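In what follows, a single structure is set out as structure tokens and then discussed.
Please read these numbers as outputs of a predicted model, since none were measured by experiment. Labels below follow one simple rule: chain letters A, B, ... track the order of the sequence lines, proteins then strands, and each chain is numbered from 1.
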Amino acid sequence: MEIGTVLPAIAFYLFASTACICALMVVIARNPVRSVLFLIMTFFSAAALFVMLGAEFLALLLVIVYVGAVAVLFLFVVMMLDVDFVELKQGFAQYLPLGGLLAFVLTVELIVLGTTFRLPENFSAQVPIEQGVSNIEAFGLVLYTDFAFFFEAAGLILLVAMIGAIMLTLNKKKGVKRQNVSDQVARTPKDGLELIDVKPGEGLS
Amino acid sequence: MAEFFTMLFDTNTPLGWFIVKTLIILAYVAVLLISLAFLLLADRKIWAAVQMRKGPNVVGAFGLLQSFADFLKFVFKEAVIPAGVDKPIYALAPVLTLLMAFITWAVIPVAPGWVITDLNLGVLYILAISSLGVYGVILGGWASNSKYAFLGAMRSTAQMISYEVTIGLVLITVLLLSGSLNLTVIVEAQTGGFWHWNGFALSPITLIMFPMMIVFFISALAETNRPPFDLPEAESELVAGYQVEYSSTFYLLFMIGEYLNIVMMCALITLLFLGGWHAPFDFAPFTWLPPVLWFAIKVCCVFFMFSMVKAIVPRYRYDQLMRLGWKIFLPMTLIAVALVGAWVTFVINGA
């Protein structure tokens, strides 16, 4: 075999097995923080697989969005938890039947799907864009032309979600002193300072 | 024998390619580490000069060997690992910081063709890696099992995530102007004297790009936890933030990673706004200097600005920092992206 074909295969199995093992470890790991770390490794391996498919842009987006932002939030939340490991163990028997059932159903579904799914007879791996155009240009060419409305609709939905999230968490507390920078900058000795000529022996009332 | 050697360094064979790339990477690492030692010294000297002190001047002539002495001191000290730490993660954090700081340099071109990988999505790669840099901080803070370290890590992470948004948007303005995410292409688009550089171009767009350069500089200060945004390490409140439980070599790794990130930001400002390796005037005698030297000079100039800011600007309060990031820089850069986009579409492309 040519080394040029062996290397990608080795790389694929390396990344794929890393992803699978790390995904398993997410569930198995005792410590929730380690679970999140394994989740990050899973994301990262998935990104590496994307690179191997030639989808560099997607891979980097996966790293930026999921690893760089979403997983950090997960980590924040998990780190704040006060985890009692003894208590964690105790729940195991209680959740086993439900979890086992869910796993069983999912496995059956996957097996059914895997055995019945057939590619169409005339199927060929389609390359929708002309070669020689980089990933990001190819995305731009369809995203801002053919799918401009969908793209904008997605943006609008995100905007609404963002406003909703802000409205949920925004509560103007009373009695909190807020800083108004322009007021502070505009302040002169005239506003804040009063010179009083105190007569000797009288004081101020 | 000669044939054997040409085969070893022939980039067309897998082995030769591997050997050549490894050598290039080793050269990058060596040059970076050695220049880092002197930049660190320069940082301290500049800081001292502003405060009318002499700074380190004992080890070697003018204290030139101070960084190496510090290096040895750190390596030979005892690594104290506090009780109750999560050992694997505790050890992973500084290594991760250093690793992320190094692999960003893979796409930084220092002269025409002098780059480890000329990635087409170079800018995106830098964004991705810098977003991973947060992990070194957050894991170090958490694994230390200390309140101060954890608070420092929280502050640092929130700060880095906030300013990453600004940095990303400023990057977009540059990308729009040069029409590529490849750093080499971005530099090539600024070929010529300083009146072609993105930061100082002789065109109305400079009214936007010059402020963008300043915004990028300030965001870079925040992103690398440099003063005046060194709240994660605020020694008066948090001792040293997420690094407080680290000693010896672990601390050294954190420190090298931090300074490498600073130099990387300097290099990025050079590439994006200051014309990379191009001489400020495109005629002799300025063009006599090799391009890589011009690149180094520019990086040093930006680093000088980093040091000066550290010396003369007082530390921000946390709410001021967040206000600056979200309420001033974010709207500013968003408007700038729209304006630059309009400029590129309607003026440059004349649609």
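Looking at every heavy atom in both residues, B:Ser131 comes nearest to A:Ile64 through OG-CA, 4.1 Å.
For A:Phe44, the part sitting under 4.5 Å from any heavy atom of chain B is the side chain, from C-beta outward, and nothing else. Heavy atoms of A:Ala71 lying under 4.5 Å from chain B belong to its backbone as well as its side chain. For a residue to count as touching a neighbouring chain, one of its non-hydrogen atoms must lie under 4.5 Å from one of that chain's; by this rule A:Leu62 does not touch chain B. Of the two parts of B:Leu181, only the side chain, counted from C-beta on, holds a non-hydrogen atom closer than 4.5 Å to a non-hydrogen atom of chain A. Heavy atoms closer than 4.5 Å to chain A are found in the side chain of B:Ile161, but not in its backbone. The contact between B:Leu132 and chain A is made entirely by side chain atoms (from C-beta outward), counting heavy-atom distances below 4.5 Å.
Within a 6.0 Å sphere centred on CD of A:Gln184, other residues, nucleotides and ligands contribute more than 12 heavy atoms. For A:Asp197, the CG atom is loosely surrounded, since the number of other residues' heavy atoms within 6.0 Å does not exceed 12. For B:Tyr316, the OH atom is loosely surrounded, since the number of other residues' heavy atoms within 6.0 Å does not exceed 12.
A donor-acceptor contact shorter than 3.5 Å is absent between the side chain of B:Tyr135 and the backbone of A:Leu37.
Applying the side chain to side chain contact (heavy atoms under 4.5 Å, CB included) test between A:Val181 and each of B:Gln320, B:Arg323, B:Lys327 identifies B:Arg323 as the sole match.
Within residues 86-99 of chain B, the residues that have a heavy atom under 4.5 Å from a heavy atom of chain A are B:Asp86, B:Pro88, B:Ile89, listed by number.
Looking at A:Phe76 and B:Ile138, their side chains come closer than 4.5 Å, going by heavy atoms from C-beta outward. Side chains of B:Leu139 and A:Leu75 form a contact here, defined as non-hydrogen atoms less than 4.5 Å apart.
The distance from the CD1 atom of B:Ile126 to the CG atom of A:Leu60 is 11.0 Å, given to the nearest 0.5 Å.
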